[in-house]
**Student:** 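The structure follows.
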Amino acid sequence: TQTVSQSDAHVTVFEGDSVELRCNYSYGGSIYLSWYIQHHGRGLQFLLKYYSGNPVVQGVNGFEAEFSKSDSSFHLRKASVHWSDSAVYFCAVNNAGAKLTFGGGTRLTVRP
Amino acid sequence: DMKVTQMPRYLIKRMGENVLLECGQDMSHETMYWYRQDPGLGLQLIYISYDVDSNSEGDIPKGYRVSRKKREHFSLILDSAKTNQTSVYFCASSFRASGNTLYFGEGSRLIVV
């Protein structure tokens, strides 16, 4: 069984701040780890994915995430947030199969 | 243009009525999904379809059924809707060789009264 935990339900920062959204997973085999963003009233959109290689992966709009096998983590980071980054962020895990398991989401609020 | 389209976007039905939610994608993705999203419960997988007529139950299939007769279309059917099926329903599709990166539709908000 694969599980995904996003420990922070809400994160609030100011525009220009850096932010880290936390994701921890449990799974025994080879996995894909990904992040999705959901703006209010919209569907989820893919941000980035890790499977192997360089543990730091770059995504769209300045987002990056770092995989850590020892910590079972895949935290999402951005160096300088913009008000338009306010959204809910979901971490997800899947093996080679098609079923993704999503975390509960973290709502990011960026204040001007 | 890579797109997942859901119809209708908003729907109000009476308890006991049938509901049809439709989803189309233009990317020839093999795999399609139906999720529901409720406050505090995140995304829950209802059904997954691996290709035409190759459907599999997800985590919460009770009260739902699906149909996939063409690769680009995937329907979710509620026979005799219940008030606890009030939710936002998302369709998604993915390409197996990409490691199943999901493309989501904009959602269908269903209210059952």
Side-chain angles (χ1 to χ4, degrees), chain A residues 1-10 21-25 27 29-53 57-60 63 65 67 74 87-107, chain B residues 2-7 9-10 21 23-25 27 29-51 54-61 68 71 74 87-109:
Chain A
T1 304
Q2 52 203 33
T3 63
V4 182
S5 172
Q6 294 182 245
S7 53
D8 299 313
H10 302 275
L21 306 182
R22 302 170 62 81
C23 173
N24 290 90
Y25 66 91
Y27 188 72
S30 298
I31 53 172
Y32 294 86
L33 290 156
S34 49
W35 278 95
Y36 289 78
I37 179 174
Q38 184 181 31
H39 287 103
H40 181 68
R42 308 293 299 277
L44 280 72
Q45 290 178 280
F46 172 75
L47 271 181
L48 49 77
K49 173 181 283 187
Y50 172 81
Y51 178 63
S52 65
V57 291
Q58 305 294 325
V60 296
F63 285 98
F67 167 71
F74 189 57
V88 181
Y89 292 79
F90 291 93
C91 182
V93 60
N94 65 295
N95 56 17
K99 283 191 180 181
L100 273 69
T101 300
F102 286 89
T106 297
R107 180 177 298 278
Chain B
M2 302 194 309
K3 199 169 174 66
V4 176
T5 303
Q6 292 185 232
M7 292 291 287
R9 295 291 313 280
Y10 303 93
L21 302 181
C23 176
Q25 49 101 358
M27 298 167 277
H29 285 169
E30 312 100 338
T31 310
M32 295 187 75
Y33 311 73
W34 277 106
Y35 287 91
R36 64 177 282 175
Q37 185 177 37
D38 302 286
L41 294 178
L43 284 154
Q44 297 176 277
L45 179 64
I46 305 171
Y47 268 94
I48 183 171
S49 173
Y50 295 100
D51 213 324
S54 180
N55 307 318
S56 181
E57 294 181 346
D59 301 318
I60 53 160
R68 191 159 178 212
R71 179 172 273 196
F74 190 35
S87 187
V88 181
Y89 292 87
F90 287 97
C91 175
S93 71
S94 71
F95 185 49
R96 207 169 297 142
S98 74
N100 292 296
T101 296
L102 267 61
Y103 291 80
F104 282 83
E106 294 290 275
S108 295
R109 181 175 292 275

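Computed from a predicted model, the values in this text were never measured in an experiment. Sequence lines set the chain letters: A, B, ... in the order given, protein chains first and strands last, and positions in each chain run from 1.
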**Student:** Sub-3.5 Å donor-acceptor pair from the side chain of Tyr33(B) to the main-chain atoms of Ala98(A), do we have one?
**Tutor:**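 Yes, the answer is positive, given that a donor and an acceptor are paired below the 3.5 Å cut-off.
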**Student:** Just wondering, are more than 12 heavy atoms of other shown residues or ligands nearer than 6.0 Å to CZ in Arg9(B)?
**Tutor:**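 Enclosed.
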**Student:** Roughly how far, to the nearest 0.5 Å, is the OG1 atom of Thr101(B) from the CG atom of Leu47(A)?
**Tutor:**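 It comes to 11.5 Å.
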**Student:** For Phe102(A) and Leu102(B), work out which heavy atoms get closest and say how close.
**Tutor:**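 Taking every non-hydrogen atom into account, CZ-CD2, 4.3 Å.
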**Student:** Sort Gln37(B) into side chain, backbone, both or neither according to what part of it lies under 4.5 angstrom from a heavy atom of chain A.
**Tutor:**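 Contact with chain A involves the side chain of Gln37(B) alone.
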**Student:** Please lay out, stage by stage, how Leu100(A) and Leu43(B) fare under the test side chain to side chain contact (heavy atoms under 4.5 Å, CB included).
**Tutor:** CA-CA 10 Å; Leu100(A) 273 69; Leu43(B) 284 154; over 6 Å; no
**Student:** Using every non-hydrogen atom in the two residues, find where Glu57(B) and Lys99(A) come nearest and quote the distance to one decimal.
**Tutor:**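 Closest pair (atom of Glu57(B), atom of Lys99(A), distance): O-NZ, 3.4 Å.
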**Student:** Does Gln44(B) have any side chain to side chain contact (heavy atoms under 4.5 Å, CB included) partners at least two apart in sequence or in another chain, and if so, which?
**Tutor:**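 Partners of Gln44(B) under the side chain to side chain contact (heavy atoms under 4.5 Å, CB included) test: Arg36(B), Asp38(B), Leu41(B), Ile60(B).
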**Student:** Examine distances only and state if a side-chain atom of Tyr36(A) and a backbone atom of Phe104(B) form a donor-acceptor pair shorter than 3.5 Å.
**Tutor:**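 Checking the backbone N and O of Phe104(B) against the side chain of Tyr36(A), no donor-acceptor pair under 3.5 Å is found.
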**Student:** With a cut-off of 6.0 Å (strictly less than), are more than 12 heavy atoms of other residues, nucleotides or ligands near CZ of Arg71(B)?
**Tutor:**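 Yes, enclosed.
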